[in-house]
Number of protein chains: 2
Amino acid sequence: MKRYEEVYKDIEKKILSGSFPAGSYLPSENELKEEFLVSRETIRKALNLLMNAGLIQKKQGKGSMVIERKLLNFPVSGLTSYKELQRQQGFTSKTKVVKLFKKKINALDAERTGFPLDSEVWYLLRERLIDGKSVVLDEDILLTSFIPNLTVEIAENSIYDYFENELGLEIAYAEKEITISSVNDEDKLYLALSTNDINVVSIKSRVYLSDSTLFQYTESRHRVDKFRFVDFARRNKI
Amino acid sequence: MKRYEEVYKDIEKKILSGSFPAGSYLPSENELKEEFLVSRETIRKALNLLMNAGLIQKKQGKGSMVIERKLLNFPVSGLTSYKELQRQQGFTSKTKVVKLFKKKINALDAERTGFPLDSEVWYLLRERLIDGKSVVLDEDILLTSFIPNLTVEIAENSIYDYFENELGLEIAYAEKEITISSVNDEDKLYLALSTNDINVVSIKSRVYLSDSTLFQYTESRHRVDKFRFVDFARRNKI
DNA sequence: CAGTGGTCTAGACCACCCG
DNA sequence: GGGTGGTCTAGACCACTGC
């Protein structure tokens, strides 16, 4: 593991466990440099990552204060898979694969997904159930050229884990869009909607690999009463 | 201006103007180092900022490729004020101040805002109008200890501009939460809702200064049909 | 004033990509 | 093997904070 990762992990652990409580200051960069026996730049790299993660706030002349995350506890933003979220947040849910087959991209799909016409893709539709009720409907469209095999078993677990750790794909970034959409037939069919639900929350994403190739399009449709998106944002100065 | 800021701005300009088109590679770090007459670390700092901004994708052994931002064009995430968004995205809208007065935080407000009981705050309610129709209702609660004066004129323009450039406040970060909420009486009164609108999108934020003090609580209520949230997210490896 | 973080440098070595 | 970006270092100077 890289040195700055070790420093990051160590300090993160101490913050989360309460050894560095919210509102307190971390040791200075010079002290941390001595403690970890690395250069100051390495310490600074780790601290900047902690700052971006919303764990500390640095202030010139003062130090690095541990941030208190109040009401809005768990970050649900970023590029994190459903399984990872579940693990982080400690809730348990079940994933049910509704559809899984190969197809070729038609004109309509090309438009919304960004994949070229006639590309061969996996089409995957999954329900996410909490307390036995289906609250999220996940549609995934994935290039078969990157994912030769995809089974129901993999799709019931984390497809990201499979892509990254089995196939060695480097998932780099995503463009996401959240809108409110009218309930459609598929929503009615699979989501446990109440009779007066007329809207669902739609999250569309295009996911890219580290060489900037598009490899996944995904749309999640959420019951409005179960939807919550939490974000930590820093002010851009530049 | 700092050297890395100059490098960032220069490259950003060349990307946005098309001198570095999407899909092409930037000059290598060593070439940029020569061109700008700075050290490689300074170049790297600028490039990492461009990467976080979603403008380029770096790849070890290959280079820094300019990212093509397809359908999902304009980032609406992060910590950016309404006026700034408007300017960036080129749409014009009008802001109408509905309420502006001082008050003391009661028990209910203390709970939702995070301000201590009995703190003196500004209470500000604004409509955002597009094409003459009110599509967003913005409620702001701000500590008077940081903002001694707040006028209708300031509130009709950018309060952030006033805070940062007039008062010298350093806005650092925010916790945000997006949920779907039922229409309430105030929504009915001010938003141009249609008769079958039963939901609005609620964005609650707590905004902190660089010394980690909470100074603003804000809730935006959006008409569901006018709501769109666009985000660029990077996969965390650490 | 001493201590803090912010910027910047010159140089080294490594991991990766590709011809 | 030569070029790319990734990590890490030791050191310098600056800007800000608080006593």
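By convention in this document, chain letters (A, B, ...) are assigned in the order of the sequence lines, proteins followed by strands, and residues within each chain are numbered from 1. Below, all heavy atoms of this structure are taken into account, side chains as well, without hydrogens, waters or symmetry copies.
In terms of phosphate contacts, B:Lys59 brings a side-chain nitrogen or oxygen within less than 4.0 Å of OP1 or OP2 of C:dC17. Look at A:Arg40 and you won't find any side-chain N or O under 4.0 angstrom from OP1 or OP2 of C:dG5. When the side-chain nitrogen and oxygen atoms of B:Lys2 are compared with OP1 and OP2 of C:dC8, none of them lie within a distance under 4.0 Å. A:Lys62 has no side-chain polar atom (N or O) that falls below the 4.0 Å cut-off from OP1 or OP2 of C:dG5. Between B:Arg44 and D:dG6 there is a side-chain polar atom (N or O) within less than 4.0 angstrom of OP1 or OP2. When the side-chain nitrogen and oxygen atoms of A:Thr42 are compared with OP1 and OP2 of D:dC8, none of them lie within a distance under 4.0 Å.
Between A:Glu139 and A:Lys99 there is no salt bridge, since no side-chain nitrogen of the basic residue lies less than 4.0 Å from a carboxylate oxygen of the acidic one.
The side-chain heavy atoms of A:Phe146 and A:Leu209, taken from C-beta on, include a pair separated by under 4.5 Å.
Position along DNA chain D of the nearest nucleotide to A:Val38 versus B:Glu31 favours B:Glu31 as the more 5'-ward residue.
In this structure, the ring of B:Phe20 has its center no less than 6.0 angstrom from the ring center of B:Tyr25. Checked against a 6.0 Å centroid threshold, the rings of B:Phe232 and A:Tyr173 count as neighbours.
In this structure, A:Ile56 atom CD1 and C:dG6 atom C1' are separated by 14 Å, rounded to whole Å. Atom-to-atom, CD of B:Gln60 to P of C:dC13 comes out at 17 Å; the value is rounded to the nearest Å. Taking atom OH of residue A:Tyr4 and atom C1' of nucleotide D:dT9, one finds them 16 Å apart after rounding to whole Å. Rounding to whole angstrom units, CD of residue B:Glu170 and C1' of C:dG6 are separated by 12 Å. Residue A:Glu41 contributes atom CD, which lies 10 Å from atom C1' of D:dA10 at whole-angstrom precision. Taking atom CG on B:Asn30 and atom P on C:dA12, their separation rounds to 13 Å, with Å as the unit. The nearest whole Å value for the distance from the CD1 atom in A:Ile43 to the C1' atom in D:dC8 is 12 Å. Counting to the nearest Å, the C1' atom of D:dG5 and the CD atom of B:Gln57 are 12 Å from each other.
Heavy atoms from other residues, nucleotides or ligands lying under 6.0 Å from NZ of A:Lys14 number more than 12.
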